[in-house]
S.K.: 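Once you've had a glance at the structure underneath, I'll fire off some questions.
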Amino acid sequence: MTDLPVARVLVDSPLPQLDQLFDYRIPERLAHAALRGVRVRVPLRSGGRIAQGWIVELAERSEYRGELSEVDDVVSEVPALMPEVWRLARAAADRAAGNASDILRIAIPPRYVRAEKAWRSAESDPGPLPETPAPIDGYAPGRVQQGIAAGERMSLAADARPVRLDSGAWVGGWARTVAQAAAHALAHDRSTVVAVPDYRDQEQLESALAESVDPRRVVRTDARQTGPARYRAFLDATADAARVVIGNRSTVYAPAARLGLIVVVDDGDGLHSEPLAPGVHSRDAALIRQEQSEAALLFVAHSRSVEVQRLVELGWVHDVPLRRGGRPRVVLTEQQAAPESGGARIPSAAWREAQAAVAEGPVLVQVARPGHTPMLVCDRCREPARCSTCSGALVVPRAGGAAACVLCGTAATAWRCGVCDGTKLRAAVVGATRTAEELGRAFPRSRVVVSDGDRPLLRVRAEPQLVVATRGAEPIADGGYRAVLLLDGERMLLRESLRVAEDCLRWWSNAAALAAPGSPVFLVGVGGALGTALATWRQAAWAAEELETRRTLRFPPAVRMASVVSAHDRLAAALERTGAIDGVDVLGPTPIEEGLERAIVRFGYGAGAEVAQRLKGEAIRAATERRRPVAGRRPGRPPVVRVRMDDPDLP
DNA sequence: AGCACGCCGACT
DNA sequence: GTCGGCGTGCTC
């Protein structure tokens with residue numbers, strides 16, 4: 001029951017000009033239900049249509065100079081929007097020049113009436129809290145515990161060994177660490193939210209949590225659940241018992257009572273990047289949420305993302321090294337293939353050891369993922385070709401078209417290779433599938449199983465077998481693999497992306513961490529700093545060097561970037577106003593499709609808030625200003641400015 | 001997005 | 001005179 005007569009409502013709309021709070025009068029008949037955080041129906045535009053929205057706050061009176069409309073109805077009496085989640089959504093949207101309602105759509109699952117009724121009538125027994133917090137082992141004694149208690153931001157090097165749980169199940173060492181950290185927070189009656197890349201990580205984490213946490217205290221929210229199950233899990237998280245909420249990238253927005261810990265597992269994984277507008281990365285959302293709350297923040301990964309490395313160098317995130325635990329035995333080998341390995345082209349040393357290992361237990365073979373990326377390399381030295389103006393990757397935008405830079409659009413007419421000074425470009429077709437059959441011929445007596453993006457396996461048993469997996473789809477093996485072959489390193493590096501090297505180091509590290517302690521990990525055909533980083537297991541040092549390179553190039557995450565898409569004139573006007581901000585420069589614009597151009601706005605972190613605000617203003621201006629300045633209508637394309645900030649696929 | 005308001009051409 | 005055309009602007 002509220003005696004405050006005014007509801008301030010965020011309307012559910014993707015329109016930038018509606019991304020503000022609207023005041024409505026609460027009629028007497030709804031006073032009992034119109035609470036903060038509930039979903040409501042409200043009229044938008046006098047007597048016109050009805051929109052849905054959220055009551056974000058209640059007020060005694062309105063500042064609005066005009067007659068208020070009435071809240072039409074309360075959709076659900078459950079306050080699904082918690083105040084902290086609203087603050088987070090607002091801040092995340094502001095940072096990304098987007099709409100808060102778009103964030104809320106990601107944060108709050110669709111409502112199911114039956115699931116809600118069942119939840120409301122259910123006895124809510126959340127089960128006991130863990131009594132004695134399990135020690136978080138592998139790190140300096142008490143280090144992580146203290147960090148959690150102090151609300152610290154930490155980057156943990158994950159234990160690179162598979163570990164056996166009490167239940168007999170095998171999980172990656174990271175899963176046990178995260179479970180221990182969550183149990184620790186829970187023992188102090190604080191909630192934890194954990195965002196993992198995919199459901200396979202989630203399965204491991206869930207088994208690890210079962211060791212120390214009552215299952216009623218664990219809430220899982222994943223894409224594989226049915227709608228009602230997902231909504232039910234969400235409602236459980238809104239209750240005032242402390243819980244461990246685990247799920248994918250959107251879990252960083254989960255409601256949680258007395259949040260004590262936020263965990264992002266393997267933040268470099270592309271699955272942490274939200275494809276839906278406004279495209280806020282879970283790492284960024286986690287950082288905002290940590291700042292707004294008293295919770296600690298934990299990044300856990302085998303390799304360090306360049307983004308986290310930047311935060312570590314700033315002193316904002318603290319590096320927590322692994323004191324005790326696995327470091328895979330990595331062997332760098334030449335591409336020189338053993339003739340016996342046939343079409344699989346495996347170097348002889350690796351082939352011999354793999355032959356021996358597969359007699360004992362499972363052997364993992366990591367291959368590239370099929371795909372076709374038309375990119376250009378230097379004809380002489382095969383290095384990926386980079387733009388001589390801004391170092392963006394060179395591509396052929398259309399078949400038969402001329403080579404140009406993906407970033408600034410400069411045509412590569414007088415191109416010169418930065419590595420060998422060659423002048424000829426060559427198209428490289430990447431990603432022919434290396435088949436399991438080739439390996440079957442190379443290992444004639446072994447069972448071969450395949451795990452790929454379409455049919456990924458979660459785990460394999462400790463039996464002799466050859467496990468062929470595309471990068472990112474490697475199953476965990478009971479007891480660990482007896483050998484790991486990273487076969488397509490060279491091919492993986494041939495991708496048109498600023499982040500190839502970083503991604504490769506992460507894929508290799510994650511696969512290497514599946515090896516049994518002491519078992520060999522062969523990285524084939526890759527040497528240099530990247531190979532050394534894997535072999536010495538010094539991913540953070542590599543990230544530091546990579547960050548230094550990005551600084552000299554003025555590439556993310558040394559700076560931030562936003563892509564802005566609009567029609568020629570409008571884009572030019574928007575860029576003129578945005579480019580005038582201090583520390584902002586503009587790359588492009590380049591034509592992308594008929595009538596549209598794209599420009600990249602590059603800016604320092606200090607200018608981020610102002611750039612976002614300005615670009616949001618341009619989006620509103622485009623959506624509300626007179627639609628067509630000149631006579632003569634042009635049907636179709638609405639006059640919009642599309643903004644995406646920090647798009648990881650940008651360069 | 002939708003929908004109302006407003007200022008210029010053919011109409012009972 | 002005025003019905004309604006779509007360009008323009010707003011949404012508590």
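Not measured: the values here are computed from a predicted model. Every chain is numbered from 1, with letters handed out A, B, ... down the list of sequences. Below, all heavy atoms of this structure are taken into account, side chains as well, without hydrogens, waters or symmetry copies.
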S.K.: Is A/F22 stacked on the base of C/dC12, with ring centres under 5.5 Å apart and planes under 30° apart?
M.R.: no
S.K.: Students often get this wrong, so: under 4.0 angstrom with heavy atoms, is A/L18 touching a base, only sugar-phosphate, or nothing?
M.R.: base
S.K.: Tell me what A/Y24 touches on the nucleic acid: a base, only sugar-phosphate, or nothing, going by heavy atoms under 4.0 Å.
M.R.: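 Sugar-phosphate only.
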S.K.: Give a yes or no on whether a salt bridge exists between A/D240 and A/R258, defined as a side-chain N under 4.0 angstrom from a carboxylate O.
M.R.: no
S.K.: Decide, yes or no, whether a salt bridge links A/D12 with A/R105 under the criterion of side-chain N to carboxylate O below 4.0 Å.
M.R.: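 The answer is yes: the pair qualifies as a salt bridge.
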S.K.: Roughly how many Å is it from CG in A/N99 to P in B/dA1, rounded to a whole number?
M.R.: 13 Å
S.K.: Would you mind reading off the distance between A/D23 atom CG and C/dT11 atom P, rounded to a whole angstrom?
M.R.: 12 Å
S.K.: To the nearest Å, give me how far apart CG (A/L21) and P (C/dT11) are.
M.R.: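 From A/L21 CG to C/dT11 P: 15 Å.
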S.K.: Measure CG/A/L15 against C1'/B/dG2 and give the value in whole Å, please.
M.R.: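 About 10 Å, once rounded to whole Å.
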S.K.: So, is the end of the A/R114 side chain (NZ or CZ) under 6.0 Å from the ring centre of A/Y231 and within 45° of the ring's axis?
M.R.: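 The answer is no, since A/R114 fails at least one limit relative to A/Y231.
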S.K.: Could you state the atom-to-atom distance from CD1 of A/I620 to P of C/dC10 in whole Å?
M.R.: 13 Å
S.K.: Over how many whole Å does the gap from A/R41 atom CZ to C/dC12 atom P extend?
M.R.: 15 Å
S.K.: Take atom CZ of A/R49 and atom P of B/dG2, then tell me their distance rounded to the nearest Å.
M.R.: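 Answer to the nearest Å: 6 Å.
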S.K.: Figure out the CG/C1' separation between A/L68 and C/dT11, and round it to whole Å.
M.R.: 13 Å
S.K.: Take A/E502 and A/R550, measure what salt bridge (charged side-chain N to carboxylate O under 4.0 Å, His left out) needs, and give me the verdict at the end.
M.R.: CA-CA 12 Å; A/E502 186 185 347; A/R550 308 252 181 111; 3.1 Å; yes
